[in-house]
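To start, the structure itself, in structure tokens.
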Amino acid sequence: MVAPHLLGPIAGRVPDVERIAVLRANALGDFIFALPALEALRSAYPEAEIVLLGAPWHAKLWRDRPGPVDRVLVIPPAPGIRAPEPGEPESAMTDFLAAARKERFDLALQIHGGGANSNPVVAGLGARVTAGLRADDAQPLDRWLRYVYYQHEVIRYLEVAALVGAPATTIVPTLAVTAADRAEAAEVLGPADRPRVALHPGATDTRRRWPAERFAEVARELHGDGYQVLVTGTPAEQELVDRVVAAAGAPVRPLVGALSLGGLAGAYAGCALVVSNDTGPLHLAAAVGTATVGVFWVGNLINTANPLRGRHRPISSWTVHCPVCGVDCTPGIYPHRPGDGECPHRDSFVADVPTIEVLEAARELLAT
């Protein structure tokens with residue numbers, strides 16, 4: 001157990017808690033970072049029902065999966081909350097909140113962001129006690145912590161859990177892999193004739209993408225080392241995966257859209273290593289216990305890189321100026337420093353990371 005005083009002050013536990021709502025409805029990696037906070041709540045309130053306010057994909061992932069979430073309540077798409085999934089019917093936030101108030105939540109936590117959009121939603125749940133993050137433009141909750149951009153995401157949400165008397169029990173996100181996950185992965189992948197590694201060259205923000213040609217070099221080298229190489233991606237990343245496969249010049253296997261999120265967890269759990277940009281699948285791989293090499297922009301390294309080094313190697317780019325126009329992109333966070341802080345370009349900020357650094361880290365982890 002993590003000593004409570006090491007992660008800041010612990011507020012008083014709320015008495016007679018039967019049901020807890022936690023708002024965290026964004027992307028895969030974002031949810032992974034919240035798992036230690038959810039574990040802290042489970043430990044502090046072992047008899048309470050923990051209800052995640054999330055997206056439809058959270059409900060699918062958490063179906064029949066052991067862990068700190070008892071139930072997922074799908075929250076409607078709304079600005080600053082989440083985008084609609086393809087084909088998802090429209091629903092009103094006012095109707096959702098009216099129904100949610102009937103749940104009679106004792107606690108409602110906002111670990112979704114700065115709170116400008118999310119704090120009114122959490123306040124609208126009608127819980128006895130609300131707690132969460134608050135940026136300058138957000139309304140306060142009953143118990144709140146100032147949102148400061150550069151802080152590791154796991155620690156950020158653990159501090160929120162501590163506001164309701166739930167000290168940290170771990171700082172390591174862990175996601176259980178079910179028998180169904182492994183069976184799905186085995187059905188799609190078939191038997192392995194050599195140890196597997198996976199590469200994930202995509203990322204929603206193109207500034208976080210290491211060049212496809214570098215991933216291809218890694219694929220070629222690791223295949224030559226005796227590994228079966230998978231290249232994973234979402235359907236929107238099909239073209240990128242195809243580029244990596246074509247440039248590898250070796251028999252690597254693309255894996256796009258063939259697995260559910262649980263199946264992907266099962267596939268990664270069966271790999272010796274995952275090499276990826278800083279994106280959800282990288283953090284999923286670490287959460288299911290697989291060694292990782294991640295390529296990070298330095299700002300994201302501070303906020304999201306796995307803090308452990310026994311099985312994880314984050315490789316950092318130190319680029320802070322846009323590679324196209326040269327604008328210093330840090331003053332958006334530090335407004336008193338010179339520079340414009342924003343630019344319209346979305347070229348890679350991690351292209352300066354050399355292939356050899358990623359390969360050396362991969363081979364070191366594979367050797368152990």
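Under the 3.5 Å distance criterion, with hydrogens and angles disregarded, no donor-acceptor pair is assigned to the side chains of Arg194 and Gln228. Side-chain atoms of Glu184 and Ser260 include a donor-acceptor pair closer than 3.5 Å. One side chain, Arg24 or Tyr157, offers a donor N or O that lies under 3.5 Å from an acceptor on the other. For His112 and Asn117, the side-chain atoms include no donor-acceptor pair closer than 3.5 Å.
More than 12 non-hydrogen atoms from other residues, nucleotides or ligands lie less than 6.0 angstrom from CZ of Arg346.
Across every non-hydrogen atom of Asn119 and Gln139, the tightest pair is ND2-O, 2.8 Å.
Partner of Gln110 under the side-chain contact (heavy atoms from CB on, under 4.5 Å) criterion, out of Leu53, Val121, Leu133, Thr130: Leu133 alone.
Salt-bridge annotation for Glu18 and Arg128: absent, with no side-chain N of the basic residue lying under 4.0 Å from a carboxylate O of the acidic one. Taking a cutoff of 4.0 Å between a charged side-chain nitrogen and a carboxylate oxygen, Arg313 and Glu360 do not qualify as a salt bridge. Checked for salt-bridge contact, Glu103 and Arg71 meet the test: a charged N lies under 4.0 Å from a carboxylate O. Looking at Arg363 and Asp225, a side-chain N of the basic residue comes within less than 4.0 Å of a carboxylate O on the acidic one, giving a salt bridge.
Remark: side-chain polar atoms of Glu153 are not paired, donor with acceptor, to backbone N or O of Phe33 under 3.5 angstrom.
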